[in-house]
*Asks:* 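Mind looking over this structure? Questions follow.
Quick note: numbers below take in every heavy atom, side chains included, and nothing from hydrogens, waters or symmetry partners. Order of the sequence lines sets the chain letters (A, B, ...), proteins ahead of strands, with each chain counted from 1.
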Number of protein chains: 2
Amino acid sequence: MTKLPPESSSGKPPAQPTRRAYHHGDLKRALIAAATDLLEQEGAEALSFRAVARAAGVSQSAPYNHFAGKEDLLATIAEAGFVALAAAQTAAARRWPAGEDRLTGLGLDYIRFAVAQPQLYRLMFGVGVNDWHAYPDVSAAKRATFAPLHHALGEFLGADTPAATLEQAAVAAWGLAHGLAMLRIDGSLAGRDRVGEAGPEEGALRLFGRGLRAACVAAR
Amino acid sequence: MTKLPPESSSGKPPAQPTRRAYHHGDLKRALIAAATDLLEQEGAEALSFRAVARAAGVSQSAPYNHFAGKEDLLATIAEAGFVALAAAQTAAARRWPAGEDRLTGLGLDYIRFAVAQPQLYRLMFGVGVNDWHAYPDVSAAKRATFAPLHHALGEFLGADTPAATLEQAAVAAWGLAHGLAMLRIDGSLAGRDRVGEAGPEEGALRLFGRGLRAACVAAR
DNA sequence: TTCTGGATATGAGCAGTGTTAACATTATGG
DNA sequence: CCATAATGTTAACACTGCTCATATCCAGAA
């Protein structure tokens, strides 16, 4: 496995791309990429720090110059996952018309993200790292992920919805999407394999959305 | 750490409780107990098979006479966790009056179970074991856990609710409870520390329940 | 009773892991 | 130009999951 010439877009350019460099040039990025690949193949528990170094074509202790340890690497990947999920949610919110469709679309897209990269999603929600409090950046990225949902929900329920009610509704919606994704990932949902238009998820999401609005309207 | 005399209630009684036996007498049970204790202290990732043997006062390879490996032990503990959760749900259903209160109570009690033993709950839902399909007993125990919820939901929505709708509602309720529990466990919920009457969970659950019934009534 | 087979426990040992320390090489700024 | 920081390498430590040969105990058959 030959070393790839560094291709950093924002890092320092290497001196001699043709010569086999003692210094990798963009190791951190390469390690994250290798680890992300290995993660989806083997899962977070089986992912070995040494294997990541091996895959990046570097000695087993080189990664310690860029990460405090294995957990730090996993946390970095999880954070990137949340950033990607946030981008996907923002895009989904733009793709669907406001209202029930947007809410349902956000939920389905959320689940699709989890299904497309189940190991990453599992990592993002606890597997491999015991205490996320040690990584406040990850927690922040996690919270930012759900801004689109919160916004869409506010639109859906109407501007005159009390803030407390909106907050509860957002928590419920988030919890529902997350719960459905988890159940889908570990095979607890007996429905169709693909998260399609007719799967149990959409039914649950639509039911939830309609019911939520009805309850909010009734509460006024 | 001296060896405890075996206290099996259903296993074979030991010959001489006073003498230090070469054979433990009830090792499997002791290993499960030790592992369950260690699990809550260190988490599933940090739990070592050897440490479990050490805690049980036995050599490091003795556990292999009772479990195929570390995953097998973890799966056994997870299965016991689902059985305990199922019992708690059944008890909760009996404790609350039928209707919205019972539904909300089931959800809150579900979350309380997770909060009381977060590491066990994390283990039950994927941490430490990559592929639950290898342990069909665990999957069966998991499904059985949600029978009380399904039943209470059927009562709550009325007997004339279509089966498909009920199924979707159950999936949604399950997903919601699970999602809320996960969010609570990893500190994503900013509300009060204890899962009390005024936490965001109860609001979300009540909103969900009321909305669900409204949506089902409207669908008729 | 003695014998014998199966269940259970022990110890040594292997390959692999996360992590650290001492050392080598390269890049960079004064 | 050169000290120094950044980044890489090798070696080693303690630990892990797991396997194997061996030792011990229990229980039923001769």
Side-chain angles (χ1 to χ4, degrees), chain A residues 3-6 8 11-32 34-35 38-39 42-76 128-130 134, chain B residues 3-6 8 11-32 34-35 38-39 42-76 128-130 134:
Chain A
K3 278 180 192 156
L4 300 174
S8 166
K12 327 143 191 183
Q16 308 241 8
T18 55
R19 221 186 107 221
R20 174 104 166 284
Y22 182 87
H23 283 12
H24 184 288
D26 200 11
L27 221 203
K28 185 160 187 172
R29 194 181 310 268
L31 288 171
I32 293 176
L38 285 175
L39 172 68
E42 319 179 19
E45 2 267 346
L47 204 171
S48 121
F49 207 47
R50 288 163 106 112
V52 172
R54 236 174 281 139
V58 99
S59 98
Q60 57 193 11
S61 59
Y64 285 92
N65 288 311
H66 302 275
F67 298 96
K70 186 185 181 180
E71 267 208 2
D72 189 22
L73 172 59
L74 292 179
T76 304
V129 177
N130 225 335
Chain B
K3 276 177 192 160
L4 299 174
S8 165
K12 331 154 189 174
Q16 308 241 6
T18 56
R19 222 188 104 219
R20 176 107 169 280
Y22 181 86
H23 283 12
H24 183 288
D26 200 10
L27 223 202
K28 185 161 189 173
R29 195 179 310 266
L31 288 171
I32 294 177
L38 285 175
L39 171 67
E42 319 179 21
E45 2 265 346
L47 204 172
S48 117
F49 207 47
R50 287 163 107 114
V52 173
R54 237 174 281 138
V58 99
S59 99
Q60 56 191 8
S61 57
Y64 286 93
N65 288 307
H66 302 275
F67 298 97
K70 185 186 182 180
E71 267 209 3
D72 189 22
L73 172 59
L74 292 178
T76 303
V129 177
N130 225 334

*Asks:* Heavy atoms under 4.0 Å, any strand shown: does A/Leu73 hit a base, just sugar-phosphate, or nothing?
*Replies:*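 Since no nucleic acid heavy atom lies under 4.0 Å of A/Leu73, the category is nothing.
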*Asks:* Check this one for me: any side-chain N or O of B/Ser48 less than 4.0 Å away from OP1 or OP2 of D/dC15?
*Replies:*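 Looking at the OP1 and OP2 atoms of D/dC15, neither is under 4.0 Å from any side-chain N or O of B/Ser48.
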*Asks:* Looking at every non-hydrogen atom in both residues, tell me the closest pair between B/Asp72 and B/Phe67 and how far apart they are.
*Replies:*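 It is OD2-CA, 3.5 Å.
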*Asks:* What parts of residues 64-72 of chain B reach DNA chain D, counting only heavy atoms under 4.0 Å away?
*Replies:*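 Under 4.0 Å from DNA chain D: B/Tyr64, B/Gly69, B/Lys70.
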*Asks:* Measuring from atom CG of B/Leu73 to atom CG of B/Leu31, what distance do you get when rounded to the nearest 0.5 angstrom?
*Replies:*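 Interatomic distance, B/Leu73 CG to B/Leu31 CG, rounded to 0.5 Å: 7.0 Å.
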*Asks:* Got a donor-acceptor contact below 3.5 angstrom from the A/Gln60 side chain to the A/Arg50 backbone?
*Replies:*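 No, the answer is negative, given that no donor and acceptor are paired below the 3.5 Å cut-off.
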*Asks:* Between A/Pro63 and A/Val58, what is the shortest heavy-atom contact and its length?
*Replies:*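 In terms of heavy atoms, the two residues are closest at CD-CG1, 4.2 Å.
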*Asks:* Rounding to an integer number of Å, can you tell me how far A/Glu45 CD sits from C/dT17 C1'?
*Replies:*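 Computing the A/Glu45:CD to C/dT17:C1' distance gives 15 Å.
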*Asks:* What pair of heavy atoms forms the shortest contact from B/Glu45 to A/Asn130, and how long is it?
*Replies:*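 Distance-wise, the nearest heavy atoms are CG-ND2, 4.4 Å.
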*Asks:* Would you kindly give the CG-to-C1' distance between B/Leu74 and D/dC18, to the nearest whole Å?
*Replies:*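 Interatomic distance, CG of B/Leu74 to C1' of D/dC18: 15 Å.
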*Asks:* State whether A/Arg54 places a side-chain N or O below 4.0 Å from either non-bridging phosphate oxygen (OP1 or OP2) of C/dT17.
*Replies:*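 So the side-chain polar atoms of A/Arg54 do come within 4.0 Å of the phosphate oxygens OP1 or OP2 of C/dT17, strictly under.
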*Asks:* In this structure, how many angstroms lie between the P atom of C/dG16 and the CG atom of A/Leu47, rounded?
*Replies:*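 Distance check: A/Leu47 CG to C/dG16 P gives 16 Å.
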*Asks:* Calculate the interatomic distance between A/Leu27 atom CG and C/dT25 atom P; express it in whole Å.
*Replies:*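 So the CG-P distance, A/Leu27 to C/dT25, works out to 18 Å.
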*Asks:* Can you name the nearest heavy-atom pair linking A/Leu47 to A/Ala35, along with the distance?
*Replies:*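 Looks like CD1-O, 3.7 Å.
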*Asks:* Does A/Glu71 have any salt bridge (charged side-chain N to carboxylate O under 4.0 Å, His left out) partners at least two apart in sequence or in another chain, and if so, which?
*Replies:*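 Salt bridge (charged side-chain N to carboxylate O under 4.0 Å, His left out) list for A/Glu71, sorted by chain: empty.
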*Asks:* Establish, yes or no, whether a centroid distance under 6.0 Å links the rings of B/Tyr64 and B/Phe49.
*Replies:*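 Distance test on ring centres: under 6.0 Å, yes.
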*Asks:* Scan nucleotides 11-13 of chain C against the protein and return all N/O pairs shorter than 3.5 Å with their distances rounded to 0.1 Å.
*Replies:*
residue	atom	partner	partner atom	Å
C/dG11	O6	B/Ser61	OG	2.4

*Asks:* Whole Å only: how far is the CD atom of B/Glu42 from the P atom of D/dC15?
*Replies:*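 Checked: the CD to P distance equals 13 Å.
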*Asks:* Can you name the closest pair of heavy atoms from B/Leu74 and B/Gly128 and give their distance?
*Replies:*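 Result for this residue pair: CD1-O, 3.9 Å.
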